Amino acid sequence: MSNKISTTKKAVTDDLARKAQQLRTEALVNDIHKDFEQRQAMRRPYELSWQLNMNFMMGNQYCTVSGRGDIEQEDKYFFWQERQVFNHIAPIVETRVSKLSKVRPRPVVRPFSNADSDVFSAKMSTKILDSTTERLALSTLIQQATMWSEVCGTVFYKVTWGSGKTISYNGNNIALGDVNITVCPPFEIYPDSNVNQSIADCQSVIHARAYSVEDIKRLWGVDIAGGRVRVFAIDGTSVIGGLGYNSTISGITHETKNNHALVIERYTRPNSQYPQGRLEIVAGNQLLYEGDLPYVLGEEGERDFPFVRQMAFGHAGCFWGSSVVDRCIPVQRAYNALKNRKHEFINRLSMGVLTVEDGSVDTDNLEEEGLSPGKILVYRQGATPPCMMDCGSVPVDFQYEEDRLLNEFTAVSGVSEFAFQSTAPANINSGTALQQLSNQDDNRMAVSTDSIREAVRVIAKYVLRLYKQYAHSGYLAKIADNKGNVEAFYFNSNDIASTDVVFETENELANSITQRRNLVMELLSKGVLTDADGNLPQTTKARILEMLGLGNWENAQDITQLHISRAQQENIAIGSADVLPIDDHRLHITEHTRFVIGGEAFKLGQQAYVQKVLQHIEQHQNTMEAQNGKGQQI
């Protein structure tokens, strides 16, 4: 009897606990939805600005933000009104994106110390970054993100650990995770306050995105009832044209996706209530996930948000950046109005404005057919004959104002006539002056350039920290250099000791390929790169061809490059390096000497390692002397 009572009590207790958990889950889901709606309302003004920018970028420039809080189209006032679009915003943005596409810094990991293990770990971490950059096509992702930041002002990268390659082990397929990087438009990110200066100032961030029910089932294993979700899309709208014609242009509008659900991810920073932070994921009325922040991305091993922000221009005390489109919209409106009024004036001059006395002619016929050549115009006897109104000529002020607006485009966008039209100004013929103009354009884009470089640096740190956290088993990666050589290597989390990421190159815009080539040619002409006898060593010649972008030009330097590569490999493993009779001893001695003088040998093993390299150099010298039959030391 007592066992039956205890079983009944346990069942009642379990049922109460289940109901309490259900009520808690429902309250949590409602709280997340309420929080999301509040953030939507706070961010609405910025969202409208982004929509307006995207419309102007695509050519839909007769739209405005209505008092109801949406984008509405402007209608014609008269049937004859000219409403053409003379889009200068699109080429300005395309020029900026084209110049910013050159900013592709290579992140390099700096070791903690000169110890052998730290130097090896730093080089391995750099290889991991190179392999991940190639595998994820990071350059393409940066291109997409830069377009978003240039139009909307802000974009985000999301660096996560997701499903990756699958391996077979003991007859079973085991799915290994791997680093994933996705570009998040600003429409998907909701901070807890719009006045936070950066992501580090946010206590929580919401990432909201529409997923199909099939994707939700695949990613979270939960069945969700699909519905209709409103998203942004491109739609064709007939809003431009002129007297007797219309044109269709693309614009940004809302559309609904069927069988989708909005997935809301709320990330909360570690606090007293949640020392490991909090991640809550909701779709519809169901809770998909609740737990600690999954990623250890902080500087001191703390859990942090997986988001990296990139901006075109920042604002003091504002989470969202601004774009060049924001500045160009008023100028673009004035330019469209001026050009259209000018064309209306020309229409009056070319087509004419006919004045007739009331009742003197058949106005219906005259309106339909106009004054065609050879037309017989019959008017009432005794009436005043119809005549053309004198419309004058196009005022010269139109041209003055058009020139002023074009100059204003240059002033507000930071893109000069030289970069915008790819033509030199009429009053500048000096090559030095043109180079200074190009440098000024690059300096005006320094803020956007620095934002991209900082985003790449943080992404590189996050990639290494994710591998450090999750890559406990061996991972196979490969990298390819600019000579076509492919290197495969294994690594795990123990190979990553430092996440101190720096850049191998300076600002790419400030030091372009053309500038480097000109510098190399100038050094060659001055004799700086030749030896004491005025000759150009083979190693220097190979490096010059590589710097000029010619690589192994027509395979003329293949054997030289092979000797250089072998000498570099011997530098890393000098203990097992042998001197072969077929070695080009001059090239080997040059590479080994550079290895010692440059300090790399000291990093790998201090004085003992340096002594081994010196002994190896002596072996090359002795072998070369024996082959040449000379007693003179090289």
Side-chain angles (χ1 to χ4, degrees), residues 11-44 46-47 69 156 158-163 180 182 184-194 196 199 201-232 254-295 297 303-307 319:
V12 172
T13 303
D14 292 344
D15 185 58
L16 291 175
R18 192 164 45 250
K19 289 182 179 180
Q21 180 63 29
Q22 183 178 359
L23 292 175
R24 177 187 172 279
T25 300
E26 292 177 356
L28 178 60
V29 171
N30 292 334
D31 177 69
I32 293 176
H33 279 291
K34 183 178 179 181
D35 187 16
F36 175 65
E37 292 173 358
Q38 292 176 349
R39 300 190 190 200
Q40 273 187 314
M42 288 192 303
R43 206 198 63 177
R44 183 63 176 168
Y46 301 96
E47 185 177 306
F156 299 86
K158 188 178 183 181
V159 187
T160 59
W161 187 267
S163 59
N180 290 327
T182 55
C184 300
F187 296 97
E188 298 180 359
I189 303 298
Y190 298 83
D192 54 357
S193 175
N194 292 321
N196 290 332
I199 295 180
D201 297 331
C202 297
Q203 295 304 312
S204 66
V205 173
I206 285 181
H207 179 210
R209 184 179 180 183
Y211 288 84
S212 65
V213 293
E214 292 82 5
D215 289 338
I216 295 176
K217 175 66 175 178
R218 176 176 56 85
L219 295 173
W220 289 281
V222 179
D223 291 319
I224 297 292
R228 304 180 67 183
V229 179
R230 196 170 77 156
V231 296
F232 294 107
H254 287 93
E255 74 171 17
T256 56
K257 283 189 174 182
N258 297 321
N259 206 28
H260 277 63
L262 185 65
V263 177
I264 304 173
E265 305 175 9
R266 185 169 69 177
Y267 297 81
T268 304
R269 195 175 295 281
N271 50 38
S272 58
Q273 184 179 2
Y274 301 112
Q276 300 298 324
R278 206 67 176 166
L279 172 59
E280 299 144 333
I281 304 177
V282 170
N285 293 323
Q286 295 193 39
L287 182 65
L288 303 183
Y289 176 85
E290 180 187 8
D292 297 337
L293 279 179
Y295 307 123
L297 301 174
R303 298 179 183 268
D304 204 348
F305 303 146
F307 301 105
F319 184 80

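Heads up: numbering here begins at 1 and tracks the sequence. Source: prediction; values computed, not measured.
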Checklist entry - Would His207 and Ile189 satisfy side-chain contact (heavy atoms from CB on, under 4.5 Å), going step by step from the backbone distance to the final call? => result CA-CA 5 Å; His207 179 210; Ile189 303 298; 3.8 Å; yes
Checklist entry - Has the side chain of His260 got a donor or acceptor atom that lies under 3.5 Å from a matching backbone atom of Asn258? => result yes
Item to check | Atom of Gln286, atom of Val222 and distance for their closest heavy-atom approach | outcome: OE1-CG1, 3.1 Å
Checklist entry - What distance do Trp220 atom CH2 and Ile281 atom CD1 have between them, rounded to the nearest 0.5 Å? => result 5.5 Å
Item to check | Separation of Leu219 CG from Leu288 CG (nearest 0.5 Å) | outcome: 9.5 Å
Checklist entry - Roughly how far, to the nearest 0.5 Å, is the CG atom of Asp304 from the CD1 atom of Ile199? => result 8.5 Å
Next on the checklist: Would the distance check show the side chain of Asn30 and the main-chain N or O of Glu26 forming a donor-acceptor pair, the cut-off being under 3.5 Å?
Outcome noted: yes
Item to check | Steps toward side-chain contact (heavy atoms from CB on, under 4.5 Å) verdict (Gln203, Asn271) | outcome: CA-CA 9 Å; Gln203 295 304 312; Asn271 50 38; 5.6 Å; no
Item to check | Reported CG-to-CD distance for the pair Asp223 and Glu214, which is rounded to 0.5 angstrom | outcome: 10.5 Å
Checklist entry - What are the two closest non-hydrogen atoms of Phe305 and Cys202, and how far apart are they? => result CE1-O, 3.5 Å
Checklist entry - What about the rings of Phe307 and Tyr267, do their centers lie closer together than 6.0 Å? => result yes
Checklist entry - Which of these, Ser193, Pro191, Ser204, sits in a side-chain contact (heavy atoms from CB on, under 4.5 Å) with Arg39? => result Ser204
Checklist outcome for this item: On a heavy-atom basis, the closest approach of Tyr295 and Thr160 is OH-CB, 3.5 Å
Item to check | Chi angles and distances behind the side chain to side chain donor-acceptor pair (under 3.5 Å) call for Arg209, Thr182 | outcome: CA-CA 12 Å; Arg209 184 179 180 183; Thr182 55; 5.4 Å; no
Checklist entry - Where do Gln38 and Lys34 land on the side-chain contact (heavy atoms from CB on, under 4.5 Å) test, with the steps shown first? => result CA-CA 6 Å; Gln38 292 176 349; Lys34 183 178 179 181; 3.7 Å; yes
Item to check | Shortest non-hydrogen contact from Glu188 toward Arg43 | outcome: N-NH1, 4.1 Å
Checklist entry - Are Arg218 and Asp215 close enough for a salt bridge, meaning some N to O gap below 4.0 Å? => result yes
Item to check | Nearest heavy atoms of Ala283 and Ile224, plus distance in Å | outcome: O-CD1, 3.7 Å
Checklist entry - Val282 and Leu28: side-chain contact (heavy atoms from CB on, under 4.5 Å), yes or no, with the steps? => result CA-CA 9 Å; Val282 170; Leu28 178 60; 5.9 Å; no
Checklist entry - How many angstroms lie between CD1 in Ile264 and CD in Glu280, if you round to the nearest 0.5 Å? => result 11.5 Å
Item to check | Rounded distance [0.5 Å steps], OG1 in Thr268 versus CZ in Arg303 | outcome: 14.0 Å
Next on the checklist: Whether Glu47 and Arg44 form a salt bridge (side-chain N of Lys/Arg under 4.0 Å from carboxylate O of Asp/Glu) is what I want to check.
Outcome noted: yes
Next on the checklist: Is the positively charged end of Arg266 above the ring of Phe36, judged by distance under 6.0 angstrom from the centroid and angle within 45° of the axis?
Outcome noted: no
Checklist outcome for this item: Heavy-atom closest pair (Leu297 atom, Pro306 atom, distance to 0.1 Å) is CD1-CA, 3.6 Å
Checklist entry - Can you tell me if CG on Asn285 sees more than 12 non-hydrogen neighbours from other groups inside 6.0 Å? => result no
